Protein chains: 2
Amino acid sequence: MGIVAAADENTAPRRRGRRPGGADTRTSLLDAARAVFAERGYDGATVRVIAERAGVDPAMVNHWFGGKEPLFVAALNLPADPATILGEAVSGDPDELAERILCRLLEVWDSTGGAQFAALLQSIATQDVAAALLREFIARVLVGKVLREVAPDRPELRATLCGTQMFGLAFVRYVLKVEPLASADHATIVSAVAPNLQRYLTGPLP
Amino acid sequence: MGIVAAADENTAPRRRGRRPGGADTRTSLLDAARAVFAERGYDGATVRVIAERAGVDPAMVNHWFGGKEPLFVAALNLPADPATILGEAVSGDPDELAERILCRLLEVWDSTGGAQFAALLQSIATQDVAAALLREFIARVLVGKVLREVAPDRPELRATLCGTQMFGLAFVRYVLKVEPLASADHATIVSAVAPNLQRYLTGPLP
DNA sequence: GTCTATACAACGATAGAC
DNA sequence: GTCTATCGTTGTATAGAC
């Protein structure tokens with residue numbers, strides 16, 4: 001035995017180099033990340049603690065995911081990375097930001113048929129973990145990536161309001177599948193929802 | 001014997017009067033209603049079929065619930081009956097309809113702390129039944145009770161859009177509990193969300 | 001005895017077949 | 001247009017619990 005040393009201090013030096021085999025470092029990291037992010041939130045969860053829980057070296061986070069934040073969105077396991085979608089959308093006319101966001105989201109969601117979204121919802125309902133992760137996503141990605149650059153006025157409130165509209169839209173269209181929204185084309189949805197989303201982004205707030 | 005002629009031809013007449021005991025007709029009806037409503041939708045589910053599945057007389061639907069529609073909302077087992085909430089809200093200035101709806105909804109939801117809402121969501125995610133029921137709710141109660149009287153223009157689309165905003169708000173506030181929305185007071189939420197909801201109700205649509 | 005959950009029959013409305 | 005089937009609902013008599 002004795003192949004892998006414990007992670008703490010007073011142990012024999014860890015083996016270097018590639019692990020024997022089978023041990024899926026990436027998956028272990030993802031599992032550990034989901035647990036730790038959920039327990040302590042994004043800021044409270046350190047890469048070191050996550051790596052320790054996974055039984056691997058902290059450097060593996062960078063090797064497999066490219067950093068703490070990419071690990072976080074990977075742990076969310078959302079259909080397509082929202083951070084990049086939102087990141088791309090911010091460039092351009094701020095008055096049409098909602099329109100661009102909705103177009104991209106609909107494309108991505110439609111491509112998976114909403115199946116992944118339903119799965120995400122199920123895990124949210126059953127475990128607290130996924131709920132905590134999604135909460136962190138709204139609080140961090142939405143606020144940090146989009147709202148800060150666009151609306152310095154109450155970005156947190158704006159972000160959560162945007163979250164209600166985006167999540168509700170996805171839920172009613174892809175999980176509940178209520179007509180006529182479920183089979184409405186993108187143009188209809190965008191022109192119907194974008195003005196409301198835009199108001200949350202940059203419009204007047206009480 | 002020989003009191004009543006058999007209803008059909010060759011069947012012994014069912015026993016009349018109070019059942020021996022323990023047999024909970026009300027619960028049986030609710031279970032049967034959930035199943036049949038989910039299988040065939042509101043219109044497709046007949047009172048007779050539901051009663052048959054429950055093993056009781058169709059008149060029991062009226063006796064216990066007062067009709068088919070009250071049975072339906074009882075089967076939904078939502079936190080507070082939305083049909084009455086929405087029914088009360090429609091009377092008054094149509095331009096402040098969203099405001100009235102949101103105020104009432106927040107009161108009701110806050111009183112239960114969102115616990116029932118989380119439970120509902122869980123059953124939606126796991127079973128198809130609850131999802132079908134909620135879909136029927138949006139399609140029927142929302143459209144029939146509110147939108148038809150307020151916006152003759154595309155009431156179905158308006159109803160589903162309203163559904164996205166209301167459901168998303170409830171989910172982010174009560175299940176996800178994202179700040180600052182989770183602990184925002186009613187006035188803030190109403191003044192933030194009501195204009196958007198009002199646009200879905202009576203505003204211009206593409 | 002009273003009270004009430006139950007079963008049965010029948011009514012008006014409505015939709016579809018012919 | 002008429003006929004029929006079926007729907008939701010209502011009225012009423014009955015049997016068991018109390």
Side-chain angles (χ1 to χ4, degrees), chain A residues 176-183, chain B residues 1-91 101 116 120 123-124 127-160 162-163:
Chain A
L176 242 43
K177 298 192 176 72
V178 187
E179 294 296 352
L181 191 64
S183 52
Chain B
M1 60 147 298
I3 296 183
V4 180
D8 262 331
E9 41 272 48
N10 51 0
T11 56
R14 257 185 285 191
R15 275 181 59 190
R16 263 193 269 195
R18 191 159 178 170
R19 304 258 281 290
D24 201 346
T25 299
R26 213 188 114 92
T27 306
S28 305
L29 271 174
L30 277 177
D31 290 340
R34 293 201 180 93
V36 179
F37 277 133
E39 288 171 11
R40 345 225 306 208
Y42 183 87
D43 291 319
T46 71
V47 172
R48 297 179 137 87
V49 169
I50 294 174
E52 185 184 2
R53 169 112 35 141
V56 303
D57 190 90
M60 294 296 97
V61 169
N62 263 283
H63 183 263
W64 286 106
F65 299 96
K68 182 183 181 178
E69 182 148 327
L71 169 64
F72 176 68
V73 304
L76 276 178
N77 125 336
L78 292 171
D81 174 15
T84 52
I85 291 182
L86 298 177
E88 292 170 10
V90 286
S91 59
I101 291 179
Q116 284 181 289
L120 173 73
S123 57
I124 286 176
Q127 323 162 12
D128 262 348
V129 183
L133 290 179
L134 194 56
R135 185 182 324 135
E136 283 288 327
F137 160 72
I138 293 182
R140 272 196 55 78
V141 179
L142 223 51
V143 174
K145 287 268 163 50
V146 183
L147 271 303
R148 289 245 182 254
E149 311 188 13
V150 145
D153 169 43
R154 293 216 243 175
E156 294 86 2
L157 179 60
R158 289 180 188 275
T160 51
C162 290

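What you are looking at is a predicted structure, and each value in this text was computed from that prediction instead of being measured. So that the names make sense, note that chain A is the first sequence line, chain B the second, and so on, each numbered from 1.
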| task | Give, for atom CZ of R34(B) and atom CG of L71(B), the distance between the pair rounded to the nearest 0.5 Å. | result | 9.0 Å
| query | In whole angstrom, what separates R40(B)'s CZ from dT6(D)'s C1'? | reply | 13 Å
| said: Are F65(B) and L30(B) packed together at the side-chain level, in the sense that at least one heavy-atom pair is separated by less than 4.5 angstrom? | reply: yes
| field | Distance in angstrom units between H63(B) NE2 and dT4(C) P, rounded | value | 9 Å
| request: Can you run down the side chain to side chain donor-acceptor pair (under 3.5 Å) pairs that involve residues 38-56 of chain B, sequence neighbours left out, and say none if there aren't any? | output: E39(B)-R53(B)
| field | Atom-to-atom span, CD of E52(B) to C1' of dA7(C) - whole angstrom | value | 15 Å
N/O-N/O pairs, protein side and nucleotides 8-11 of chain D side, under 3.5 Å:
from    : atom 1 : to     : atom 2 : distance (Å)
dG8(D)  : OP1    : V47(B) : N      : 3.3
dG8(D)  : OP1    : K68(B) : NZ     : 2.9
dG8(D)  : OP2    : V47(B) : N      : 2.7
dG8(D)  : N7     : R48(B) : NH1    : 2.7
dT9(D)  : OP2    : K68(B) : N      : 2.8
dT10(D) : OP2    : N62(B) : OD1    : 3.2

| remark: note: M60(B), atom CE; dT14(D), atom C1'; distance rounded to Å ~ 12 Å
| Side chains of E156(B) and V178(A): does their closest heavy-atom pair fall under 4.5 Å? | no
| In whole angstrom, what separates L71(B)'s CG from dC7(D)'s P? | 16 Å
| query | In Å, rounded to the nearest 0.5 Å, how long is the span from CG of L29(B) to CH2 of W64(B)? | reply | 9.5 Å
| Roughly how far, to the nearest 0.5 Å, is CD1 of I50(B) from CZ of F72(B)? | 10.0 Å
